Every structure is written in C-alpha cells, then in structure tokens.
Amino acid sequence: MAAESPDHLADPGKLGYSIRRHLHERFIEVLLFLSAVLSVAIMLAILAMLLKESAVFFQHVSLWDFLTDTQWTPLFDDAHYGILPLVAGTIVSSLIALLVALPLGTIIAIYLSEFAPFTVREISKPFLELLGGIPTVVYGYFALLFVTPMLQIFFPELPGFSLLSAGLVMGIMIIPYVSSMTEDAMRAVPMNLREGSYAMGATRLQTAIRVVMPAAFSGIAAAYILGISRAVGETMVVAIAAGMQPNLTWNPMEPAATITAYIVQVSLGDLPHGSIGYQTIFAAGLTLLILTLIFNIIGHLLRKRYREIY
Amino acid sequence: MNNIEEIRRIIGQHKRWDLIFVIAGIFALMIAVLTFMALFAHMLIDGMPRLSWEFFTSFPSRRPESAGILSAWVGTTLVMLVTALSAVPLGIGSGIYLEEYAPKNLVTEIIEINVTNLAGVPSIIYGLLALGLFVYQLGFGQSILAAGLALALLILPVVIVATREAIRSIPVAIREGAYALGATKWQTVFDHLLPYSSAGILTGVIIGLARAIGETAPIITIGALTFIAFLPPSPVKSEFPFVSFEWLTAPFTVMPIQMFNWVSRPEEAFQLNAAAAGLVLVVMTLAMNGLAIYLRYRMRKNIKW
C-alpha cells in the first residue's frame, strides 16, 4: 500500500502546518482588509478636507453671519457670506423634484409590483434602469433647451433660467431610483400576506396600499431618502438650467443658484489655492454634506424602527 | 336582496378604483417613457447633422462648424482607464473581505455602514476631496490621474456592493467542497468564488463605469480645462521601455465637460455641437448599461445552483 500512495502522502510534513502557506494566507487577508478599510479612510478624508478648509473660512466669517446673512456674494468687493440664498435654492429645486419623483415613482412601483403583467414588468424594469443611467449633463441640456421653451409656452414670463424647469427635469431623473428601490422592497414582502388579504376579499389596490406598503415601509423609506439625497446633491441640471446667480427666493419661476451650482461656478473660474473664494466652496460643500448626512441618518433610523422581519 | 345589491355596488366601486389605478400606473410609466423619447428625439434632430467623421477627429474650436470632440473622447478613455484600474481591484478586494473574511465585530459594522453612507455622498463632494487631496496636497495637479482617482472613489461603493451580492449568491456547498479537499481560504476564493461570481462583478463594474463616464461635477471641481486643443502624450513609445506614464499628469478634458461647455455658450451653433456630443455620450452609456442588463439576464437564465 505504501508504495502506491502519492508523494505528498508519503511525506506527512506536506500535509501539516506550513509556515509559508500560513504567511501567504495572512498576507492576502491583510491586503483585503486594507482595501476594505479604504472606504472608511475616504470618508474620514472627505470630512478632514472639508473641515480643514472650512475652519480657515470660519476664521474670516463668523458662523452667525454665515447662517443669517441673506446675501451670498463672496467674490464681490462688498463680500457677504450668507449661505441662506444657496440653501433656499437647493430646497426649492429639491422640493419640485420630489413632488414629481416621489408620487410618480411610487405609483410606477406599485403598478409594476402588484398590477403589471409579467411582460410589461420585464420590459419596464430594464428601461427604467437605462433611464437612470443617462448622464446628468444630458438632462441639464434637456431642461435648458427643451423643457424651458415648452414651459414658456404656458408661462410666457418664465425666464430662460429657472428653478422650475431644473426641478421638473431633476424629478424625472430621480423617478427610476425611487421606483426601482420601492418595487424591490414591495416584492420582498412574502406572498402569503397578499394571499391573506385577497382571501378576506380585498382588491389589489387595497392589498397594495394597506398590506404590502406598510410591510415594505422600511424599504420604501430608504428609497425616498435616497431620492431626497439625490435631489439635494444634484449638480449639473441646476448648474445648467437654473442659472448660477445666488438669489434668496422661494419662487420657483426665478433663476437661483443651489449649493452645488455655486461650487461649479467657482470651479469654472480660476481661483487661487488658499484664497477666501477657494475656501467658500469647501464651506458650501460641508453644508451640503451635513444636509445629506442628516437625511441618511433619518433613513437609517426609520429602517431600524420599522424593519419587518419575515 | 337589498343587501346583495349593496355588496355588488361596493365591489363594483372597488373594482373601478383598481382600474383607475392601473390607468394611473400606465400614465406614470408613459411620462417616463415619453420624456426619454423627447430627450432622445430632440438631441437626434439637433445633433445628427453634426455627427460626422470630422466631429470625432477635430479639436474644439472657436468656430462651431469645425469644432470636434477629439480631445474629449481621448480624455474620457484615459480617465476611465485610471478609474477602472484603481476602482476594480480595490472594490473587489473589499467586497471579498466583507463577504468572506470579515469577523462579526465593530470594525466590520463600521465599514459596512460606511460603504452605504459613501454611496449617498453627492458626487460633487468627491470632487472637493479630489481638489484638496489629489490636486494640491499630493501635487497631482489638474491631471488625468487626479480625475481618474476621483471617479474611482465615486464608483467604489458600486463595485463593492456588486461583488458582495455576486459572492453571496454562491451556495455554501461550493465553499465546503473546496475546504473538504484541503483548499486554503484564498484558494477557495480565487479558484472558485471569484470565477463563479465574475459575471455579477462584471455587471457591477460596467454599471459603475457607465456612471463615471457621464459624471461631470467632480471633474469640473478639480478644475479640468474646457478648451484643450491638444492630446495628452501617447502612452506607447517607439523606443525602450515602450510605455510612458507622462499622460497621467497631462491636462485634459472629457466628454461631459465638453458638452457642458458648449451648452453654456449663447450661440445656437454651439448648442448643436452640444446635442451631438450628448448623443455620443448617451449612446455610450446606454450601450454600457444595456450590456450590463443583458449580462445579468443571461446569468439569471443560465446559472441554477
């Protein structure tokens, strides 16, 4: 028997513990760990960079002025550093976008998940995904050169740049994100919940709204939060179609700048590294990051609070 | 009898609501479809006449009729090369770690929450990070390298999530089989899990790159020039060692920036150029996303564990 056994069985040492193999395995594990930790490092680097430059900015400008001044003119001789106009522009354009995206996205999701025949769903899902993949700069072009002229037919006094048309296009742009996540959440609800509801004589719509949606609430909330942070952080559509003039207004028919559009406007010019103008974009970026982080945390809490486990 | 009439009436009413909702659903879907049609048709009508061989082989110019996208598409290709080469190994590495190696502890939980949070950070914030870190602190300048790395950070979460999902869908029996034959952990991962999940990972990588191609904001933030009438130095040389990395530090422009530049000009002729550039951009991203969707579809059909 011993003569027939392969070499490595003849030498039991090869089967046992090998320091070389052990080191090799550990080395790879450490490499993989480092690449995973990199994502934490990126987050810390983002925070460090924004905080560092903003700290210099806030040595020149008091936090009180930053939050209460109603003008944002950091590049003028008579410089004012009030973030309110930019925040107002961001809120107005995001609200318009969400008024379009959340209802339409939800209706599409309910329709695809609970009503649509198999073929309609199989065609619509990839189509919506393609729609979500179109570059935002293309949507900006569409807002400026197609939607604005269309709107001007109905509202002749609408200027060439407006929060309205940017917000509308942004809303259409966000629909696929909202609808696909909402639909995934609804389809994850087990079938027997629906069957129970149908057995009680409920219609499809009643089942969808009173049984499936509450059961999928945490997933739907996550989809909405994602939609909100997309709208708040969206850059190119507003930079192209809403104009880049900071303007404290709540009227969607006016041109105005958002936080993101201001960063774009400054970056297009040639600001020297270390100047106060250079630091303003980091302060604006910090404001934006805090806004989106707040929404992310709310989403996280909602998910935790309402998670249904089957 | 009266009671049954009443019930019939209520049932009829509820069925009507069902019907109304179906109509609303189709209507909502149509809004999305029609918007896409309008967008595509508008660009096609405006941009198609400008699409010619010269458009792809000319530099941008002050005269709209002779302007082209040569420097833009070369720049996009090179930036994507940097992005893919940095994001793909790192993303797959962290995906493997989180799915196969990570112990259940606080560090792992922090990494996982962090990946989710990174996916929600607006793209322009990555631009600010790249501006402060790559352009100034590390001294890369406003170069292809800085832009490629910025976009790599942006798509890292996409690649990580795709890798994790692809690896998670492989049944435990495969791992147990490999371990039973004496394979080490890395041998199991490299010889079995990675090949079996490659289609899923590839899908994620393509979707990530398609997103990076159209991403404009972070590249504007690092200060990419919009008027570039020259090409970066060639990566291939005729004399030894045949490759050169000078192009990494060259100034550049990319497709979406070129389009943005043309859109923001008042002359209508430049806006026709923007439509043509947008058409090229949309066809590129649609093709990539379509490929990803097709891959996923085939994967679902072929693989039955």
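Nothing here was measured: the structure is a model prediction, and the numbers come from that model.
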Which atoms of [X] are under 4.5 Å from chain A, going by heavy atoms: the side chain, the backbone, both sets, or neither?
X	value
B:M288	neither
B:S264	neither
B:V135	neither
B:A275	both
B:I293	side chain
B:L128	both
B:L29	both
B:A277	neither
B:L131	both

Heavy-atom distance under 4.5 Å to chain B: side chain of [X], backbone, both or neither?
X	result
A:T260	both
A:L289	both
A:L50	side chain
A:F33	both
A:L128	side chain
A:I281	both
A:I46	both

Quick one, [X] and [Y] - any side-chain contact, counting heavy atoms below 4.5 Å?
X	Y	answer
A:L226	A:M181	yes
B:T285	A:L130	no
B:Q271	B:V263	no

Are [X] and [Y] ion-paired here, with the side-chain N under 4.0 Å from a carboxylate O?
X	Y	value
B:K185	A:E29	no
A:R121	A:E114	no
B:R164	B:E100	no

If you count heavy-atom pairs under 4.5 Å between each of [options] and chain A, which one has the most?
options	answer
B:N117, B:I11, B:L279, B:I160	B:N117
B:L129, B:D46, B:N114	B:N114
B:G182, B:G132, B:G91, B:G278	B:G132
B:S94, B:A32, B:G214	B:S94
B:W262, B:F36, B:W186	B:W186
B:I124, B:N289, B:L90	B:I124

Residue pair B:L98, B:E112: steps toward the side chain to side chain contact (heavy atoms under 4.5 Å, CB included) verdict: CA-CA 8 Å; B:L98 289 175; B:E112 285 187 343; 4.2 Å; yes
Is the NZ or CZ atom of A:R204 positioned over B:F21's six-membered ring, under 6.0 angstrom from the centre and within 45° of the axis?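 No; the conditions do not both hold, so A:R204 does not lie above the ring face of B:F21.
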Under 6.0 Å from the ring centre and within 45 degrees of the ring axis: does the NZ or CZ of A:K52 meet both conditions for the six-membered ring of A:F282?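 Verdict for A:F282: no cation-pi partner in A:K52.
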Those residues that, when tested against B:Y136, pass ring pair (Phe, Tyr, Trp, His ring centres under 6.0 Å) (two or more places apart): A:H273, A:Y278
CD1/B:I125 to CG/B:L153 distance, rounded to the nearest 0.5 angstrom? 13.0 Å
Among [options], residue most engaged with chain B (heavy-atom pairs, under 4.5 Å):
options	result
A:I134, A:I108, A:V169	A:I108
A:V266, A:L31, A:I240	A:I240
A:S124, A:G233, A:A48, A:P135	A:P135

Ignoring hydrogens and angles, tell me if any N or O in the side chain of [X] forms a donor-acceptor pair with the backbone of [Y] under 3.5 Å.
X	Y	answer
A:S54	A:F57	no
A:S165	A:F161	no
B:D18	A:L205	yes

Residue-level interface, residues 139-148 of chain A with chain B, non-hydrogen cut-off under 4.5 Å: A:Y139, A:Y141, A:F142, A:L144, A:L145, A:F146
Side chain to side chain contact (heavy atoms under 4.5 Å, CB included) partners for A:R20, two or more places apart: A:S18
Suppose we screen for side-chain hydrogen bond (donor to acceptor under 3.5 Å, both in side chains). Which residues come up paired with B:E165, at least two apart in sequence or across chains? none
Would you say the side chains of A:E183 and A:S113 form a donor-acceptor pair under 3.5 Å? no
Step by step, work out the side chain to side chain contact (heavy atoms under 4.5 Å, CB included) result for B:V121 and A:T292. CA-CA 7 Å; B:V121 171; A:T292 49; 5.9 Å; no
